[in-house]
Amino acid sequence: MSLTVRPVEYADQPDYTRLGGEAFGAPNDGRPVPTREEWEAAGFREWGAFDDDGLAARLRVYGFTSWFHGARVPTAGVAGVAVEPERRGSGHLGRLFDATLGQAREHGEVISTLYPSAPGIYRRLGYEVVGSFDDVDVPLLNLNRLAAPEGVVTRRAGIADFDAIVAVHHRWAAAQNGPVSRAEKPFWTPPEKFFADYTGVTLAIDTTAGEVIGFASWIRGEGYTPATALMEVDDLIALTPDAARALWRTIGSFSTVVGTARVSTSGLDPAWLVLPDLTSTVHSAHPYMLRILDVAGALGGLRSPLEGARVPFAVRGARDLDGAWTLTVSDGVTHVERDTLAVEDAHHERPVLSPNGLALLYAGAQSAANLRLAGHLTGAPDHDTTLTALLPHRQLHVRDYF
């Protein structure tokens with residue numbers, strides 16, 4: 001049976017929507033097909049694999065930037081992956097990803113990320129789990145035990161505060177690995193819509209400087225019985241410990257009528273470290289996977305204090321990434337060049353990363369030593385310490401779901 005992989009056209013939307021409904025669940029009467037205007041304005045790229053019987057597999061790509069190692073990195077976020085049950089295991093998905101990620105490189109996107117329903121499928125395509133987007137339930141009574149912060153007050157935000165909120169998110173995200181920059185669709189939100197999505201947005205204000213140093217966006221929810229009432233907190237981002245305390249205390253002030261706050265978070269968020277204890281329950285966890293699309297594009301151009309460092313390395317295990325490379329640091333910036341050495345000969349003189357190991361190292365999720373324990377780093381160990389130092393561990397934070 002022949003297979004054609006191509007961008008999805010509007011005429012394909014009925015089948016595209018149907019297949020998505022089969023994969024992710026839909027009402028009995030199905031999901032509505034978007035209008036042409038809605039589809040064209042959505043800002044994503046859709047791909048399909050078509051065989052003799054029609055649409056066999058589909059996905060969509062969001063082009064955005066995310067923060068890694070202090071830089072905004074062009075990212076291809078893959079979502080909505082679905083294969084007809086009768087065609088699963090046919091290899092369609094591999095061909096679909098080959099075409100999709102090839103287009104992503106043409107767009108200048110150097111990494112790709114996704115939330116998997118089955119991580120094993122995507123590991124075979126070079127993706128690896130580097131973090132998780134979690135909804136965590138926090139008892140509000142615990143928040144009332146926080147000491148009052150010094151020099152910080154809270155107040156309700158309005159549209160005039162939108163730029164200050166964006167600036168806080170920018171400063172926080174630039175110090176992490178993984179956060180979406182929120183500078184592009186679908187993550188950039190007009191101020192009016194941003195505030196309309198929440199019951200309230202609370203600011204933490206430094207009383208000395210008069211500047212915004214944190215914010216929390218929250219939805220109050222229904223009910224007023226602590227045993228059953230639940231509020232949702234999408235963001236609780238603070239630039240100082242006292243800003244975090246002030247925001248948590250404001251959320252905790254609902255404890256007489258709300259028992260639990262369900263907070264969107266990721267990893268050991270520094271805002272949690274100010275709490276008197278970390279009593280919480282993970283309500284849901286969504287693993288986050290990453291793949292490198294362009295070795296030189298992803299690893300080059302990063303700021304580094306290791307002036308003069310030189311690390312030869314190789315990647316083996318993916319056709320589009322296989323090769324030998326040398327990473328150097330000059331003028332405080334990393335530079336990556338491909339070498340002529342055959343990757344088969346690289347084991348004798350340099351570390352060799354699997355595509356999965358390269359993703360883990362780049363994300364700061366694992367050290368070179370741990371990658372060796374897992375079999376994702378082989379070859380000569382001479383440069384392991386420098387490789388880890390060039391791509392140091394950072395807590396990976398994911399705050400947006402696509």
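With hydrogens and angles left out, the side-chain atoms of Y198 and D234 include a donor and acceptor closer than 3.5 Å. A side-chain N or O of R72 and one of T65 form a donor-acceptor pair less than 3.5 Å apart. The closest side-chain donor-acceptor pair between S132 and D134 falls under 3.5 angstrom.
With T334 contributing its side chain and G301 its backbone, the two residues share a donor-acceptor pair below 3.5 Å. A donor-acceptor pair is defined here as one N or O able to donate and one able to accept, closer than 3.5 Å; no such pair exists between the side chain of D15 and the backbone of D12. Judged by distance alone, with hydrogens and angles left aside, the side-chain atoms of D206 form a donor-acceptor pair with the main-chain N or O of T208 at under 3.5 Å. Remark: the backbone N or O of A271 is paired with a side-chain donor or acceptor of D269 at under 3.5 angstrom. With S66 contributing its side chain and V180 its backbone, the two residues share no donor-acceptor pair below 3.5 Å. Proximity of a side-chain donor or acceptor of R291 to a complementary backbone N or O of L125 within less than 3.5 Å is detected. A donor-acceptor pair under 3.5 Å is absent between the side-chain atoms of T75 and the main chain of G77, judged by distance alone. Of the possible polar contacts, one joining the Q176 side chain to the W172 backbone as a donor-acceptor pair under 3.5 Å is found. Using a distance-only test at 3.5 Å, with no hydrogens or angles considered, a donor-acceptor pair links the side chain of R105 to the main chain of L293.
A cation-pi arrangement is present between R60 and F44 under the rule of less than 6.0 angstrom and at most 45 degrees off the ring axis. For R58 and Y16, the positive end sits near the middle of the six-membered ring, less than 6.0 Å away and at most 45° from its axis.
Taking the six-membered ring for Trp and the full ring otherwise, the centers of Y288 and F133 sit at least 6.0 Å from each other. Proximity of the aromatic rings of H286 and Y401 is defined here by a centroid distance below 6.0 angstrom, and this criterion is met. Between F215 and H169, the ring center distance fails the sub-6.0 Å criterion.
Sorted by first and then second residue, the pairs that involve residues 246-265 and meet ring-ring contact (aromatic ring centres under 6.0 Å, His included), not counting sequence neighbours, are W218-F254, W248-W272.
The local environment of CD in E150 is sparse, with at most 12 non-hydrogen atoms from other residues, nucleotides or ligands closer than 6.0 Å.
Ion pairing between a basic and an acidic side chain is recognised when a charged N comes within 4.0 Å of a carboxylate O; R319 and D98 show such pairing.
Test V274, L143, L275, T250 against R245 for side-chain contact (heavy atoms from CB on, under 4.5 Å) and you get one pass: V274. Across V263, T260, T281, T265, a single residue satisfies side-chain contact (heavy atoms from CB on, under 4.5 Å) together with V138, and that is V263.
One distance of note links CZ of R88 with CD of E86; it measures 8.0 Å at 0.5 Å rounding. Here Q366 contributes atom CD and H376 contributes atom NE2; the two are 9.5 Å apart, rounded to the nearest 0.5 Å. If you take CG on L19 and CZ on R31, they are separated by 10.5 Å, rounding to the nearest 0.5 Å. Atoms CD1 and CG, from I292 and L321 in turn, are 8.0 Å apart once rounded to the nearest 0.5 Å. Taking CG of D51 as the start and OG of S90 as the end, the distance is 8.0 Å to the nearest 0.5 Å. Atom CD of E307 and atom OG1 of T328 lie 9.5 Å apart (nearest 0.5 Å).
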Using the rule given for side chain to side chain donor-acceptor pair (under 3.5 Å), can you reason through D235 versus S264, listing the C-alpha separation, both sets of side-chain angles and the distance that settles it, and then say yes or no?
CA-CA 7 Å; D235 277 314; S264 296; over 6 Å; no
Which is it for Q103 and E109 under the side chain to side chain donor-acceptor pair (under 3.5 Å) test, yes or no, and what are the steps along the way?
CA-CA 9 Å; Q103 185 197 50; E109 292 152 359; over 6 Å; no
Please walk me through it: do V78 and Y127 pass side chain to side chain contact (heavy atoms under 4.5 Å, CB included)?
CA-CA 11 Å; V78 178; Y127 289 84; 3.8 Å; yes
Would H397 and W67 count as a ring-ring contact (aromatic ring centres under 6.0 Å, His included) if you check the C-alpha gap in whole Å, the side-chain angles of each, and the deciding distance to 0.1 Å?
CA-CA 10 Å; H397 285 291; W67 286 97; over 10 Å; no
Step by step, work out the side chain to side chain contact (heavy atoms under 4.5 Å, CB included) result for F402 and F187.
CA-CA 9 Å; F402 53 88; F187 305 106; 3.6 Å; yes
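Put simply, the side chain of V166 does not reach to within 4.5 Å of the side chain of R182, judged on heavy atoms. Using a 4.5 Å cut-off on side-chain heavy atoms (C-beta onward), V258 and L230 make no contact. For the pair L3 and H92, the minimum side-chain heavy-atom distance is below 4.5 Å.
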